[in-house]
*Asks:* 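The following block contains the structure, expressed as structure tokens.
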Amino acid sequence: MVMELSPMRSLPIAVILCTCLALLSCEMGTSPVPTNTQKVPAYIDSLDNVDIVSIREEGLDTAEIEKVGIYQSNEEVFIKGYPGEVMVDMKGQVYIEAFVPGEAGIYVFDSDGKYVTTIGRHGKGPGEFLTLAALNLKNGRLYIYDAHQEKISAFSTDTFELVYEETIKRDSLESKDLLAMQPRNELFIKEDSSFVMNFFRAVNSNEYRNIHYLAISSRGQIKPQKLITVKRSTIYEPATSHNSGGYFRVARTLPFSRGSLVALSSNGTFYTNWNDDFLIKEYAPDGSYRRAYYYPYVRSELSVSEIEVGDGMRSLIDDNRDVLPDTWPAVHTIETDDQDRLWISTITESDSTFQWWVLNGHGKLVARFRWKGSRDDRSGMLKPMITIHNNHIYTRKLDFRNEVYQIIKYRVSFKPHPHFQPRR
């Protein structure tokens, strides 16, 4: 059961929420939600147009997960390199990005896992790539971004032939800050075939700690207006520049690093999250703020001594014990699917399980379920490799026995629940 509270300024939100939760508990004949789940951070209270949503906890899992397919190297094709992004088109064809120095290509499989073809190859010519940084699909075209050449290529999903290519242009930019920024690792396609990409400064500056999302015309011209700006992930510094073996030590994120998550809908709507809280902010395609959805969520306690990490990361944790957080972040990732729903996974008390939440485009809960995942293996810098299409989840897995990477396809079956009716 879902209760939504519209923003009210005459009383503190926390007071309103506690009162409504108590009334809801009496109505349902259950105990109130524990006090610590009712606390609303002060900065939430200052937001305009924020909905605070409370959820009955008991038995709310409303989806089942079943493995239904595997995409991998076989007798017909060998996937050269490390699989990156995965895209799925309207016909169910699966596109797997794979790159290793000297090799680059997009491997195409049909919905049953049969190899179809390979798009592109390593090189500097038309339809060739030196690196593969981002992938996306829109209106029957597969778009590929080559970070080394700063080139966007579009291929037909019917013929798999190159349609056009554009290099990223900065001719209209005057700001030194914008001229110095580099495209990162996300490529979004708008209905008019223009693009949105994320940019950052690779060197230390006032802008080093931010990531900016900028529009790019269909001809590759960067537009000077920043659509949205989010903070980069928390990075921890080593106490010494070299370890006892003489190897150079670098600053890096840790599994529990706080950071920004961003997802875009098919119509260009931005959804952002600073993962310390289960707060989703929604922005229009032009970057103007619309509203926010807040789900009170109790973060799991962080015990750094129990985290299973390598020696390098362990020494970095030891160097920063005085500044480490007491809890894990609340949110692991946010993703959008082909129906413009939000799929959000939150970090639980279990190292092997995430809690997933499916929201429609208005922030209403559609379903919730628990699914496997390791918080110790989290990367504080990059979103996990997850693609969701037609109620199926695609993830990457290493088959240790055969030493090959697999893309695993899972079917998500939603089921009714006596205390909760999904809304669309």
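When reading the values below, keep in mind they use all heavy atoms of this one structure, side chains included, and skip hydrogens, waters and symmetry mates. Counting begins at 1 with the first residue of the sequence.
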*Asks:* Any ion pair linking R411 and E64 (charged N to carboxylate O, less than 4.0 Å)?
*Replies:*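 Salt bridge absent between E64 and R411.
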*Asks:* Compare all side-chain heavy atoms of S260 with those of T272 and state whether any distance is below 4.5 angstrom.
*Replies:*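 The answer is no; the side chains never approach within 4.5 Å.
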*Asks:* Compare every heavy atom of P41 with every heavy atom of Y294, then report the nearest pair and how far apart it is.
*Replies:*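 Y294 and P41 have their closest heavy atoms at OH-CD, 3.2 Å.
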*Asks:* Could I get the full list of side chain to side chain donor-acceptor pair (under 3.5 Å) partners for H332, not counting sequence neighbours?
*Replies:*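 By the side chain to side chain donor-acceptor pair (under 3.5 Å) rule, H332 matches R378.
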*Asks:* Would you mind reporting whether P329 and I347 have side-chain heavy atoms less than 4.5 Å apart?
*Replies:*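 Sidechains of P329 and I347: in contact.
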*Asks:* Measure from the side-chain N and O atoms of K151 to the backbone N and O of E128, and report whether any donor-acceptor pair falls under 3.5 Å.
*Replies:*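 Yes, K151 side chain to E128 backbone: donor-acceptor pair under 3.5 Å.
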*Asks:* Only one of Y145, Y213, Y143 passes ring-ring contact (aromatic ring centres under 6.0 Å, His included) with F195; say which it is.
*Replies:* Y143
*Asks:* How would you list, by chain and number, every residue that makes a side chain to side chain donor-acceptor pair (under 3.5 Å) with Q149, sequence neighbours excluded?
*Replies:*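 For Q149 the side chain to side chain donor-acceptor pair (under 3.5 Å) partners, ignoring immediate neighbours, are D146.
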*Asks:* Just by distance, no angles: are the side chains of D376 and S374 close enough, under 3.5 Å, to form a donor-acceptor pair?
*Replies:*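 No, no side-chain donor-acceptor pair sits under 3.5 Å.
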*Asks:* Drop me the distance from L137's CG to Y95's OH, to the nearest 0.5 angstrom.
*Replies:* 6.0 Å
*Asks:* Using modelled atom types only, decide if a donor and an acceptor are shared between the side chain of D337 and the backbone of Q339 within a distance under 3.5 Å.
*Replies:* yes
*Asks:* Go through L365 and V53 one step at a time and tell me if the side chain to side chain contact (heavy atoms under 4.5 Å, CB included) criterion holds.
*Replies:* CA-CA 9 Å; L365 186 64; V53 187; 5.8 Å; no
*Asks:* With rounding to the nearest 0.5 Å, note down the distance linking OG1 in T395 to CD in Q406.
*Replies:* 9.5 Å
*Asks:* Going by heavy atoms in the side chains, are N267 and E191 under 4.5 Å from each other?
*Replies:*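 Contact flag for N267/E191 side chains = no.
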*Asks:* Parallel, tilted or perpendicular: which fits the ring planes of Y295 and F278, with parallel below 30° and perpendicular above 60°?
*Replies:* parallel
*Asks:* Is any side-chain heavy atom of I317 less than 4.5 Å from a side-chain heavy atom of F256?
*Replies:* yes
*Asks:* Out of curiosity, R170 CZ to I216 CD1, how far, rounded to the nearest 0.5 Å?
*Replies:*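 Here the interatomic distance stands at 9.0 Å.
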*Asks:* Can you check whether N210 reaches K231 side chain to side chain, under 4.5 Å on heavy atoms?
*Replies:* yes
*Asks:* Check whether any side-chain heavy atom of N136 lies under 4.5 Å from a side-chain heavy atom of M87, and answer yes or no.
*Replies:* yes
*Asks:* Please walk me through it: do N198 and V262 pass side chain to side chain contact (heavy atoms under 4.5 Å, CB included)?
*Replies:* CA-CA 10 Å; N198 59 346; V262 178; over 6 Å; no
*Asks:* Who pairs with F78 by side-chain contact (heavy atoms from CB on, under 4.5 Å), at least two apart in sequence or on another chain?
*Replies:* S73, K80
*Asks:* So, are K364 and D51 salt-bridged, with charged N and O less than 4.0 Å apart?
*Replies:*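 No, this pair does not count.
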*Asks:* List the atom of L302, the atom of P325, and the distance in Å for their closest heavy-atom pair.
*Replies:*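 Scanning both residues completely, I find the closest heavy atoms to be CD2-O, 3.2 Å.
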*Asks:* Yes or no on salt bridge (Lys or Arg N to Asp or Glu O under 4.0 Å) for E301 and R375, after CA distance, side-chain angles and deciding distance?
*Replies:* CA-CA 12 Å; E301 182 181 354; R375 59 188 185 183; over 6 Å; no
*Asks:* Excluding sequence neighbours, so at least two apart, what forms ring-ring contact (aromatic ring centres under 6.0 Å, His included) with F99?
*Replies:*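 If we apply the ring-ring contact (aromatic ring centres under 6.0 Å, His included) test to F99, skipping adjacent residues, there are no hits.
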*Asks:* Would you please name every residue forming a ring-ring contact (aromatic ring centres under 6.0 Å, His included) with Y289, sequence neighbours left out?
*Replies:* Y283
*Asks:* Got a sec, which residues hit side chain to side chain donor-acceptor pair (under 3.5 Å) with D340, two or more places apart in sequence or on another chain?
*Replies:*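 Applying side chain to side chain donor-acceptor pair (under 3.5 Å) to D340 gives S266.
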*Asks:* To the nearest 0.5 Å, tell me how far N185 CG sits from T131 OG1.
*Replies:*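 Rounded to the nearest 0.5 Å, the CG-OG1 separation comes out at 11.5 Å.
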*Asks:* So how far is it from I280 CD1 to I344 CD1, rounded to the nearest 0.5 Å?
*Replies:*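 Rounded to the nearest 0.5 Å, the CD1-CD1 separation comes out at 4.0 Å.
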*Asks:* Would you say F270 and V230 make side-chain contact, with heavy atoms under 4.5 Å?
*Replies:*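 F270 vs V230: side chains apart.
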*Asks:* Between the side chain of Q221 and the main-chain N/O of K169, is any donor-acceptor distance below 3.5 Å?
*Replies:* yes
*Asks:* Verify, without hydrogens or angle tests, whether T62 (side chain) and R368 (backbone) share a donor-acceptor contact under 3.5 angstrom.
*Replies:*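 A pair under 3.5 Å: yes.
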*Asks:* Testing the basics here: between G105 and T118, what is the closest heavy-atom pair and its distance to 0.1 Å?
*Replies:*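 So the two residues come closest at CA-CG2, 4.4 Å.
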*Asks:* Can you pull the salt bridge (Lys or Arg N to Asp or Glu O under 4.0 Å) pairs that have at least one residue in residues 275-287, sequence neighbours excluded?
*Replies:*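 Applying salt bridge (Lys or Arg N to Asp or Glu O under 4.0 Å) to every pair that reaches into residues 275-287, excluding sequence neighbours, yields R258-D276, D276-R299, D277-R299, E282-R290, E282-R291.
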*Asks:* Give the C-alpha distance, both sets of side-chain angles, the deciding distance and a yes or no for salt bridge (Lys or Arg N to Asp or Glu O under 4.0 Å) between E335 and K383.
*Replies:* CA-CA 9 Å; E335 311 289 340; K383 291 175 66 176; 3.6 Å; yes
*Asks:* Would F199 and I222 satisfy side chain to side chain contact (heavy atoms under 4.5 Å, CB included), going step by step from the backbone distance to the final call?
*Replies:* CA-CA 11 Å; F199 288 73; I222 299 177; 3.7 Å; yes
*Asks:* To the nearest 0.5 Å, how far apart are OH in Y71 and CD1 in I407?
*Replies:* 10.0 Å
*Asks:* Taking T167 for the side chain and E150 for the main chain, is one N or O donor matched with an acceptor at less than 3.5 Å?
*Replies:*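 Flag not set: sc T167 to bb E150 has no pair under 3.5 Å.
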*Asks:* Does S233 have any side-chain contact (heavy atoms from CB on, under 4.5 Å) partners at least two apart in sequence or in another chain, and if so, which?
*Replies:*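 Listed in chain order: T253.
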*Asks:* Above 12 or not: heavy atoms from other molecules or residues under 6.0 Å from NZ of K67?
*Replies:* no
*Asks:* State whether the side chain of S300 and the backbone N or O of E349 hold a donor-acceptor pair below 3.5 Å, judged by distance alone.
*Replies:* yes
*Asks:* Under the side chain to side chain donor-acceptor pair (under 3.5 Å) rule, collect the residues that match up with T348, sequence neighbours excluded.
*Replies:* none
*Asks:* Pairs in or reaching into residues 385-394: which pass side-chain hydrogen bond (donor to acceptor under 3.5 Å, both in side chains), with residues at least two apart or in two chains?
*Replies:* R341-N391
*Asks:* Angle between ring planes, F369 versus W356, binned at 30° and 60°: parallel, tilted or perpendicular?
*Replies:* parallel
*Asks:* List in chain and number order the residues that pass side-chain contact (heavy atoms from CB on, under 4.5 Å) with Y82, two or more places apart in sequence or in another chain; answer none if no residue qualifies.
*Replies:*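 In terms of side-chain contact (heavy atoms from CB on, under 4.5 Å), with neighbours along the sequence ignored, Y82 is linked to R396, Y405.
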*Asks:* Nearest heavy-atom pair of S153 and E165: which atoms, and what distance?
*Replies:* OG-OE2, 2.8 Å
*Asks:* Which heavy atom of A251 sits nearest to which heavy atom of I235, and what is that distance?
*Replies:* CB-CG2, 3.4 Å
*Asks:* Evaluate the side chain to side chain contact (heavy atoms under 4.5 Å, CB included) criterion for residues I307 and W328: first the C-alpha distance (whole Å), next the side-chain angles of each, then the deciding distance (0.1 Å), finally the verdict.
*Replies:* CA-CA 11 Å; I307 299 178; W328 287 90; 4.0 Å; yes
*Asks:* Answer whether the closest heavy-atom distance between the side chains of Y410 and V412 falls below 4.5 Å.
*Replies:* no
*Asks:* Any sub-3.5 Å donor-acceptor pair from S156's side-chain atoms to E161's backbone N or O?
*Replies:*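 No, because the side chain of S156 does not come within donor-acceptor range (under 3.5 Å) of the backbone of E161.
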*Asks:* The criterion is side-chain contact (heavy atoms from CB on, under 4.5 Å); which residues satisfy it with V116, sequence neighbours excluded?
*Replies:* V108, D110, F160
*Asks:* So which atom in A263 and which in T336 form the shortest heavy-atom distance, rounded to 0.1 Å?
*Replies:* CB-CG2, 3.8 Å
